[in-house]
Structures are given as structure tokens and as C-alpha cells.
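Lettering follows sequence order; numbering is per chain, from 1.
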There are 2 protein chains.
Amino acid sequence: MQPKGDLAQVLIQAGVALLDEDGTEGLTLRRIAARAGVSHAAPAHHFNGLPGLRIAIATQGFQDFRHDLICARDAMPADSGPFHRLLAVNHAYIRFARCRTALFRLMFDQLPTQDDDLRTIARASYVVLQHHCAPFVGDRKAASVETAVWALTHGFAMLKMDQPYPPDSPVQVSSYEDALRLVVG
Amino acid sequence: MQPKGDLAQVLIQAGVALLDEDGTEGLTLRRIAARAGVSHAAPAHHFNGLPGLRIAIATQGFQDFRHDLICARDAMPADSGPFHRLLAVNHAYIRFARCRTALFRLMFDQLPTQDDDLRTIARASYVVLQHHCAPFVGDRKAASVETAVWALTHGFAMLKMDQPYPPDSPVQVSSYEDALRLVVG
DNA sequence: TCCATCATCTTGACAGTGTAAAGCCAATGT
DNA sequence: ACATTGGCTTTACACTGTCAAGATGATGGA
């Protein structure tokens with residue numbers, strides 16, 4: 001779903017803003033239209049209804065997501081070891097889920113779609129994480145290591161997202177780094 | 001949110017059935033009411049609106065979930081090793097996410113709530129998995145091992161849920177067992 | 001220049017949704 | 001006998017997504 005003009009991008013940004021501000025139930029065709037200053041039916045016309053708009057927003061979300069991951073890697077000092085580079089990327093992953101919960105949920109809710117753009121950018125996001133796993137493969141299967149690292153990170157992100165600061169949570173903050181060492185160590 | 005009478009449980013079961021049959025957007029107060037043969041406002045009266053009903057359904061979902069995990073463990077032969085017992089439980093975890101996607105999503109969407117019943121049963125579900133990690137702790141921190149195993153399983157479940165059978169998926173079926181060995185091995 | 005075409009966006013209408021207020025009604029307690 | 005409560009219905013309302021029809025303006029060929 002490629003934007004036809006200027007308005008499409010404005011609508012997507014309005015939707016992202018609504019998700020960040022009001023959460024999942026804040027995302028509404030009519031609210032997006034009002035925020036963009038157009039009639040209530042304009043969004044549906046551009047994105048083929050609400051499902052199309054959700055896919056477009058998820059696509060934008062993955063672009064922001066990938067950007068965050070890459071920035072986290074680039075912000076590391078040049079002499080950082082591969083573990084700390086991987087850790088920085090994965091912390092960005094978890095931070096994104098924590099700071100932009102509604103958008104993060106929408107992104108992974110919309111994944112089982114046929115839309116090519118969404119699948120492409122989602123895959124590109126995965127490649128960033130995948131790339132930082134390479135130094136740790138050793139004589140193991142690369143897919144196994146990548147799967148373990150990704151699933152660990154994604155699962156941890158979901159739990160941190162669900163329970164921001166629960167004193168009795170089974171998962172503590174420091175546990176992630178320890179767990180990651182188990183996987184790549 | 002404890003049921004006041006018979007109808008409450010009927011409404012919950014109707015909601016679960018709607019989720020299984022029609023997916024996330026099939027869950028509607030009015031559809032639940034129609035299926036239960038009561039007026040459209042009855043569900044809201046019992047559960048304090050849609051949010052309360054969703055919490056009640058998520059609570060029921062975690063009970064089914066925990067039941068599945070325990071049954072998977074009990075179905076293993078008595079001489080099974082601890083790894084195959086853990087694997088059986090985690091396969092049940094992944095299978096639940098795959099077979100009851102909408103309910104699974106709702107369960108973890110509703111987790112960040114104050115509802116005590118929901119938090120209690122969710123925690124009890126986690127304990128089942130936690131318990132099977134004990135043989136692999138060794139001299140490591142128990143929380144790290146449990147976190148790694150749980151996050152790996154949950155993350156893998158989410159990916160299998162999103163992409164049922166994609167030929168180009170970065171995560172293959174056999175990868176989970178390999179990844180789990182990395183963590184507990 | 002004129003006219004057809006098309007994309008963009010608006011307007012109006014409709015069914016479906018959650019929610020709140022009011023009412024009904026049987027059971028219960030005093 | 002009477003008031004009260006809980007369980008459920010009825011009614012109404014605002015909000016939602018979607019569709020059909022129309023307005024507006026740009027494009028592009030004759």
C-alpha cells in the first residue's frame with residue numbers, strides 16, 4: 001500500500017501519533033481524519049478501509065523500528081565487542097516495545113498479511129538483529145542461534161511491555177543480559 | 001471478576017467460542033448476548049462492560065492454557081528425561097498459541113491489568129513452565145534460566161502464530177528444539 | 001478549445017457497536 | 001405486607017466502518 005500523495009503520509013503519521021497518545025483503541029478512521037483536517041471518509045479512500053490503514057501504519061512502524069535498531073548500533077563506540085553491540089541492538093528492541101507499546105502490538109498483529117511492503121520491511125528489521133548474531137554462531141547452526149536470540153528478545157520485550165514495573169515479576173531487568181549470555185555464551 | 005451466577009459462565013464460554021471461530025473482531029458484547037440468548041445489555045451488566053468481560057475471558061483462557069501445559073507433562077512416559085518433559089510442556093505452549101491465536105493474543109493483551117484473578121492464574125501458568133526449568137539451573141541463576149526459556153518459548157510461539165507456514169521464514173520448526181538446547185544445555 | 005476521464009475528497013446515509021439510564025420482575029428479608 | 005435487592009430488558013445515544021453518490025479540479029487527447 002503505497003501512498004498516492006501527500007495526504008496518505010499525513011494520515012499515517014496521524015495514526016501513529018494517535019496510537020502513541022491514546023493507545024490501541026485510539027486508532028480510528030474518523031479520529032485520524034479529524035486530526036488531518038479532512039473529511040471522515042478520506043482515510044478509507046486512500047487505504048482501502050481500516051485494515052489497509054493498519055497495514056500502512058504497521059509498515060511505518062517497522063521503518064521506525066529498524067531505524068532505532070540501527071541507530072543503537074551506530075551509537076556504540078568503535079571498539080565495542082560483538083556482545084555489547086548485540087546487547088545494544090536488543091535493548092533498543094525492548095525499549096521500542098516499552099515506549100511505543102500500541103504501535104509495537106499493531107506491527108506484530110498485522111504481520112500475518114499478504115502485503116509485500118510490510119513483509120519486506122519486517123524482514124529487513126529482523127536482518128539487523130540477525131547480522132549481530134553472526135559472531136556467536138561458531139560451529140552451531142546459524143538459524144538456531146538467531147532464533148534463540150530473537151525469540152528471547154521478543155519474548156522479553158512482550159513481558160516488559162505487559163508489566164512495566166511489577167515488584168513480583170518473574171522476570172527482572174538484569175535477567176535479560178544474563179539470559180542472553182546463556183544463549184550466545 | 002467472579003461470576004454471579006450461571007449466565008456469567010455461559011457468557012464467558014460464548015466469548016471464547018466466538019474468539020476461536022471468528023477471531024479477535026468476532027468478540028462483541030452483542031454477539032455474545034445473542035449466542036447466549038439474552039438481551040444485548042446483559043453481558044455488560046455482569047462484567048462491568050467490555051473491558052471486564054475481556055478480563056474474564058482472558059482468565060478463562062489462562063485456565064485452559066495451564067490445563068494444556070499440565071496435560072502435556074502428564075502425557076509423557078514416566079521414564080522421560082527432564083529435557084523431553086520441558087520440551088513437551090513448551091510444545092504445548094506453542095501449540096496453544098497456534099491453535100487458539102485470538103484467545104492467546106487477548107490473554108497477553110489483558111495482562112497489564114489490576115485484576116487479581118487474572119494475575120494469579122497467569123502466574124500459576126508460568127509456574128508450570130518454571131518448575132520444569134529447575135533441573136537445568138545448575139550453578140546459574142534460576143531466574144536467568146527461567147527467563148531465557150520462557151522468553152524463547154513465548155517469542156517462538158508468537159512467530160509461529162504470525163506466520164503459520166512461510167517457506168522463507170527465518171524460524172524453522174526444528175529450530176526451536178535446537179535453540180532450547182542452547183539455553184538449557 | 002472543448003470535452004471526457006480520472007483521482008481526490010466530501011457528503012449523506014446505514015448498520016453495528018459499547019454504554020448508560022430507566023424499568024420490570026421475581027426472590028428475599030423483615 | 002412491604003421494601004429491597006439482584007438479574008435482566010428496554011430504550012436511547014454517541015461513535016464506529018463502510019458504502020454510494022456527488023463535487024472539484026487536473027490531465028490529456030480531439
Using a 4.0 Å heavy-atom cut-off to protein, can you give one letter per nucleotide of nucleotides 20-28 of chain C, 5' to 3': B if the base is in contact, S if only the sugar-phosphate is, - if neither? ---------
What parts of residues 25-34 of chain B reach DNA chain C, counting only heavy atoms under 4.0 Å away? B:Thr28, B:Leu29, B:Arg30, B:Arg31
Starting at [atom1] of [X] and ending at [atom2] of [N], how long is that distance when rounded to a whole Å?
{"X": "B:Leu7", "N": "D:dG6", "atom1": "CG", "atom2": "C1'", "value": "13 Å"}
{"X": "B:His45", "N": "D:dT9", "atom1": "NE2", "atom2": "P", "value": "10 Å"}
{"X": "B:Asp6", "N": "D:dG7", "atom1": "CG", "atom2": "C1'", "value": "13 Å"}
{"X": "B:Leu18", "N": "C:dT17", "atom1": "CG", "atom2": "C1'", "value": "14 Å"}
{"X": "A:Leu50", "N": "C:dT17", "atom1": "CG", "atom2": "C1'", "value": "14 Å"}

Residues that [X] engages under side chain to side chain donor-acceptor pair (under 3.5 Å), provided they are two or more places apart:
{"X": "B:Asp109", "answer": "A:Arg105"}
{"X": "B:Ser125", "answer": "none"}
{"X": "B:Arg140", "answer": "none"}

Reckon A:Pro51 touches a base, only the sugar-phosphate, or nothing at all at heavy-atom distances under 4.0 Å?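 It contacts sugar-phosphate atoms only.
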All N/O donor-acceptor pairs, side-chain side in residues 49-60 of chain B, below 3.5 Å, sequence neighbours left out:
from: B:Thr59; atom 1: OG1; to: B:Ile55; atom 2: O; distance (Å): 2.8
from: B:Gln60; atom 1: OE1; to: B:Gln9; atom 2: NE2; distance (Å): 3.2
from: B:Gln60; atom 1: NE2; to: B:Asp64; atom 2: OD1; distance (Å): 3.0

Should B:Glu177 and B:Phe83 count as side-chain neighbours, where that means a heavy-atom distance under 4.5 Å? yes
Strictly by salt bridge (Lys or Arg N to Asp or Glu O under 4.0 Å), give each pair with a member in residues 25-40 of chain A just once, sequence neighbours left out.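 Sorted result for residues 25-40 of chain A: A:Glu21-A:Arg35.
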With sequence neighbours excluded, give me every salt bridge (Lys or Arg N to Asp or Glu O under 4.0 Å) pair touching residues 125-139 of chain A.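 Matches after skipping sequence neighbours: none remain.
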Quick test of your reading: applying side-chain hydrogen bond (donor to acceptor under 3.5 Å, both in side chains), list the pairs with at least one residue in residues 76-90 of chain B, sequence neighbours left out, ordered by first then second residue.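 Listed once each, the pairs are B:Asn90-B:Thr153, B:Asn90-B:Tyr176.
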